[in-house]
Amino acid sequence: TPSLRLRRSSEKIYNFMDAQYYGEISVGTPPQNFSVIFDTGSADLWVPSSYCVSQACAFHRRFKAFESKTFHHDGRSFGIHYGSGHLLGVMGRDTVKIGDMTILNQQFGESVYEPGSAFVTAKFDGVLGLAYQSLAEILGNPVFDNMLAQKIVDQPVFSFYLSRRTRTSNPQGELLLGGIDEAMYNGSINWLPVSAKRYWQVEMDSVVVQGGSSFCPIGCHAIIDTGTSLIGGPTRDVLRLQQLIGATPTNNGEFVIDCTRLSSLPRITFILGGKEYTLTSEQYVRKEPFGISDLCFSGFQAFDIISPEGPMWILGDVFLTEYYSIFDRGLDRIGLAQA
Amino acid sequence: AMVRVALMRVPSIRSQLRTQGLLEDFLKDHRPDMFNRRYAQCFPPG
């Protein structure tokens, strides 16, 4: 699909249209602040450049390399193609700060060309990728790899808590770099080995719809992706799944559900490492305000990702708001627990 | 040696375009596959 890029035998998905959670970082000395998506589905750090004259850049904070005492010019260029366009930029190195942590000589990209209108409405300035280095477009260590190399964190672990409630909850989400927050989950953690060190990818046993139907009955692979909001799966499976939950397509290729029927819709269970992760209709349907009422959208989206491991599913925010996720680079495993 | 980063949840680009009534035109211009996918079930596998 257009959102898929094949290179160096690894698949790249950049779907910035559905990203929802962002946090603050700073780049340079003195620090220049940016809001970035912390994305486990990519491995690069990029922010807009002050040299960018695209319309999208005008609406965002832009990095002024000439004001940073610690900036090192690289000279190489980079390009990232995503589902609805592409961006181009130049590479550099500088000090990056996340909270109180300082990462020295971090390779990153400054985008100088962000064509199209996709980023014009984006609330975030850039993206900070947390996937494995083999997925990186920009040469050099991804941010978390540098944190490990510079021994900035005690444990080679980071974890995400994402809240469904937007206004009432505090925080709306939390990324903990270097540890696990036991206050953010209930019960025990189920650990799943990473099956390929590109994405945070694990083996999934099956997907079961209440009432009997199932998908990937002999197993398949799933990516745990904080950079996308929905749950993605192979087109043929997801179209059938949409039928089973009574979702009908719109002209936009999205699937809507009658909000009054939510209580009668089946539960959907993802089985990972022998453990069941069940989502109710209230959890897999997304409500968005539309006039004086709500529109209900299916939380499932078709993605055809061809990989050496076969068809893949993407478990995005719809899944991760229900399950606290722990990404362990030391033992190359992912932990999931009830959020 | 741990750092907590507070995350803000904001409407996605898709959601904002929909609210502004711009999503359909945007997808027609940028994501023709979204439309093609509607008919994927009509075609043989592959």
Side-chain angles (χ1 to χ4, degrees), chain A residues 1-3 16-25 35 38 83-85 98-101 116-124 151-155 160-166 171-179 181 229 235-236 239-240 249 251-254 288-290 295 302 304 317, chain B:
Chain A
T1 71
S3 62
F16 301 126
M17 274 193 76
D18 292 312
Q20 292 184 110
Y21 293 88
Y22 69 80
E24 291 283 318
I25 65 165
S35 56
F38 290 95
S84 47
I98 306 175
D100 294 334
M101 287 183 176
S117 53
F119 286 115
V120 171
T121 52
K123 300 290 186 194
F124 54 89
K151 300 189 187 335
I152 295 170
V153 284
D154 271 349
Q155 296 179 66
F160 276 90
Y161 163 75
L162 305 178
S163 171
R164 284 192 99 201
R165 292 176 286 279
T166 50
Q172 294 168 345
E174 180 189 277
L175 163 64
L176 184 61
L177 291 161
D181 190 341
S229 64
T235 297
R236 291 181 68 83
L239 287 178
R240 219 178 109 223
N251 288 339
N252 297 334
E254 298 175 298
E288 297 211 1
F290 187 75
L295 272 181
D304 284 309
D317 299 341
Chain B
M2 282 198 292
V3 66
R4 283 175 206 277
V5 183
L7 301 180
M8 297 288 294
R9 186 179 182 187
V10 292
S12 64
I13 294 173
R14 180 193 306 277
S15 176
Q16 289 179 71
L17 288 171
R18 187 189 298 114
T19 306
Q20 295 162 15
L22 300 173
L23 182 61
E24 189 162 354
D25 285 340
F26 178 87
L27 292 175
K28 276 181 184 163
D29 290 342
H30 295 81
R31 297 293 302 271
D33 61 303
M34 297 284 287
F35 292 89
N36 297 344
R37 204 173 281 135
R38 277 188 72 185
Y39 304 104
Q41 59 199 325
C42 306
F43 295 101

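The chains referred to below are lettered A, B, ... by the order of the sequence lines, with proteins before strands, and numbering in each begins at 1.
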For [X], is it the side chain, the backbone, both, or neither that has a heavy atom closer than 4.5 Å to a heavy atom of chain B?
X	value
A:Ile25	neither
A:Ala122	both
A:Asp154	both
A:Thr121	both
A:Leu177	both

Closest non-hydrogen atom pair, [X] against [Y]:
X	Y	result
A:Lys123	B:Gln16	CE-OE1, 3.5 Å
A:Ile152	B:Ala1	O-CB, 3.4 Å
B:Met8	A:Gln172	CA-OE1, 3.3 Å
A:Gln20	B:Ser12	CG-CB, 4.3 Å
B:Val5	A:Gly23	CG1-CA, 4.3 Å

**Report entry** Pairs of heavy atoms under 4.5 Å with chain B: top-ranked of A:Val120, A:Asp181, A:Leu295
**Finding:**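 That would be A:Asp181.
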Query - side chain to side chain contact (heavy atoms under 4.5 Å, CB included) partners of A:Gln155, counting only residues at least two apart - result: A:Val157
Query raised in the report: Any ion pair linking A:Asp317 and B:Arg9 (charged N to carboxylate O, less than 4.0 Å)?
Result: no
Query - Test item: side-chain donor near acceptor, B:Ser15 and A:Glu288, under 3.5 Å - result: yes
